[in-house]
Amino acid sequence: MKNICIIGSGYVGLVTGACFAELGNKVICVDNDVKKIKMLKKNILPFYEPGLKELINKNRSKLSFTSSIKDGVEKSEIVFITVGTPSRDDGSADLSCVERVATEIAHSINNYKLIVEKSTVPVETGEKVKYTIKRNIVKKIEFDVASNPEFLREGQAINDFFHPDRIIIGVETKKAEKILTELYKPICAPILVTDIKSAELIKHASNSFLATKISFINAVANICELVGADITKVAEGMGLDSRIGKSFLNAGPGFGGSCFPKDVDAFYWISKKLGYDFNLLYEVKKINETQKQNIIKKVEDALWIVANKIIAVLGLSFKPDTDDIRMSPAIDIIKSLQKKGAKIKAYDPKAMKKSKDVLKNVEYCKDIYSAVKNSDCILVMTEWNEFKNIDFEKVKRIMKNPILIDTRNIYNPEKLIKLGFVYKGVGR
Ligand code: UGA
């Protein structure tokens, strides 16, 4: 059993805290947002993640919440930094929260601490964290800094925590390595121990590589459209090669979320700063942006005049099983269609509440069928399971024009065309 402090009770921090508590550790979750801490104490979570509320509830006796870094640090041996590292306007990562937390940790250190960066940070951040703590530390107390990047996917984060493909531990000392390997002992996964910089790079390189895979398949999807081939078959054929693998070859409206767009930008930026022009990542980003334009063009091709047409958008979150709409292609596409005069009706199983803050003049509907009623076109933006079993005979009866744009290729085109729909997928 270890005493752990997690600074930053956002998505990564809360999932990590709850999972470490489930493994038997005592965990203090810290956040400077006092309102959020009050809500967490009442088991009200700031976001939706399957199973998280239940896991937090189950481990109440081992989990506590506070807004005091001092309190959390003093009582713990391991301190995880899981604060946000958002993008600045130029694409670089804004590390001001990491710096502030490192300074406060330095002021609070009362005995040996292992300070672990878990947030996604550019290479060399560990060095800067160490330097900041050294500069601000009051007493002469030993500490170590480590990097232990997270690879959790929203919507399946708890399962990812307990069954990861790998655990990366970037350390400088044997002591830090021992503490972290012991902490992860209950988890059955390969542990790769590296230096801190390599661990930091593994995270940026992994996310950027996955984003590259998505942009690559989206580019191939465009070629498929030009020649009349089927991207789902092309991806299947490519994926059967074990060196390529099947995952992350689903063509669609482009990647979104709080990680890939930000991390591709930050990796491009830090590479440039270090003296390497990582142009490949620039292209990955460009293809991703163009993909949204391609979807808008599909809507225009299908409707001809978009102004005053009713478009039923199914799915607002950037992917299923989350209410996260950050950098969701659905949001950008809706805004563009509204600019062209379209009237938007929308339905999402979880993300409507958050969308209301960023999308105006949208008619939010209680279910799929209320959304598609009297619409001129259906635009499926997120592959929620609920959308996979739609009664399309009913849909055809209640919508104005049977046009379906399936940006996630979840439906069988032949079946829909037979039913009388105009069907447009991506890359087929
Ligand atoms: C991603 C990584 O997958 C995690 O390993 C990592 O820990 C996390 O970022 C992070 O850095 O915190 P996440 O953003 O939750 O996780 O979502 P993904 O499932 O990776 O999907 C990202 C985006 O790519 C979504 O918009 C999704 O729709 C899109 N995508 C994914 C595709 O368009 N095609 C695919 O084949 C796969």
Side-chain angles (χ1 to χ4, degrees), residues 8 10-16 19 47-50 82-87 93 117-122 148-161 163-168 200 202-221 231-232 234-236 238-239 244-267 284-285 287-289 291-292 294-295 315-333 351 380-384 406-410 425-427:
Y11 186 79
V12 176
L14 281 181
V15 172
T16 307
C19 291
F47 54 82
Y48 168 74
E49 175 65 29
T82 57
V83 294
T85 53
S87 291
E117 21 161 73
K118 207 170 205 3
S119 308
T120 306
V121 288
N148 169 225
E150 58 86 17
F151 298 100
L152 311 174
R153 283 166 300 178
E154 289 188 25
Q156 22 194 335
I158 294 172
N159 187 56
D160 283 348
F161 183 94
H163 307 282
D165 287 340
R166 77 301 208 187
I167 293 164
I168 305 294
E200 291 168 333
I202 286 168
K203 175 62 198 245
H204 257 169
S206 299
N207 272 9
S208 298
F209 187 78
L210 291 170
T212 304
K213 244 183 140 178
I214 298 169
S215 278
F216 187 91
I217 206 69
N218 282 336
V220 179
I231 191 64
T232 59
V234 175
E236 193 181 344
M238 286 168 64
I244 297 174
K246 282 189 219 154
S247 58
F248 280 71
L249 286 181
N250 296 318
F255 54 80
S258 64
C259 306
F260 285 177
K262 168 177 82 79
D263 293 349
V264 169
D265 270 349
F267 199 25
V284 166
K285 203 175 123 89
I287 293 170
N288 201 50
E289 282 308 309
Q291 202 59 9
K292 285 185 260 190
N294 293 344
I295 303 295
L316 297 164
S317 55
F318 80 101
K319 66 174 197 174
D321 298 318
T322 176
D323 61 352
D324 199 341
I325 53 159
R326 286 175 290 176
M327 304 297 284
S328 171
I331 305 294
D332 283 350
I333 289 172
V380 177
M381 288 302 308
T382 318
E383 68 276 34
W384 283 92
D406 172 14
T407 72
R408 299 287 180 169
N409 292 339
I410 53 177
V426 171

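Each ligand, and each atom within it, is numbered from 1 in the order the structure gives.
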Completion exercise
Sorted by chain and residue number, the residues with a non-hydrogen atom under 4.0 Å of ligand 1 are Glu150, Phe151, Leu152, Arg153, Glu154, Lys203, Asn207, Ile214, Phe248, Leu249, Asn250, Phe255, Gly256, Cys259, Phe260, Asp263, Phe318, Lys319, Arg408

Enumerate donor-acceptor pairs with a distance under 3.5 Å from any side-chain N or O in residues 246-254 to protein atoms, sequence neighbours excluded.
none

Problem - Arg326: partners by salt bridge (Lys or Arg N to Asp or Glu O under 4.0 Å), with sequence neighbours left out - result: Glu154, Asp324

Problem - Residues which pass ring pair (Phe, Tyr, Trp, His ring centres under 6.0 Å) with Tyr11, listed by chain and number, not counting sequence neighbours - result: Phe47

Fill in the blank from the handout: d(Asp332 CG, Met381 CE) to nearest 0.5 Å is 9.0 Å

Exercise for the section: Using a strict 4.0 Å threshold on nitrogen-to-oxygen distance, state whether Glu150 and Lys203 make a salt bridge. Expected result: yes

Exercise for the section: Assess the side chains of Gln291 and Asn294: does a donor N or O sit below 3.5 Å from an acceptor N or O? Expected result: yes

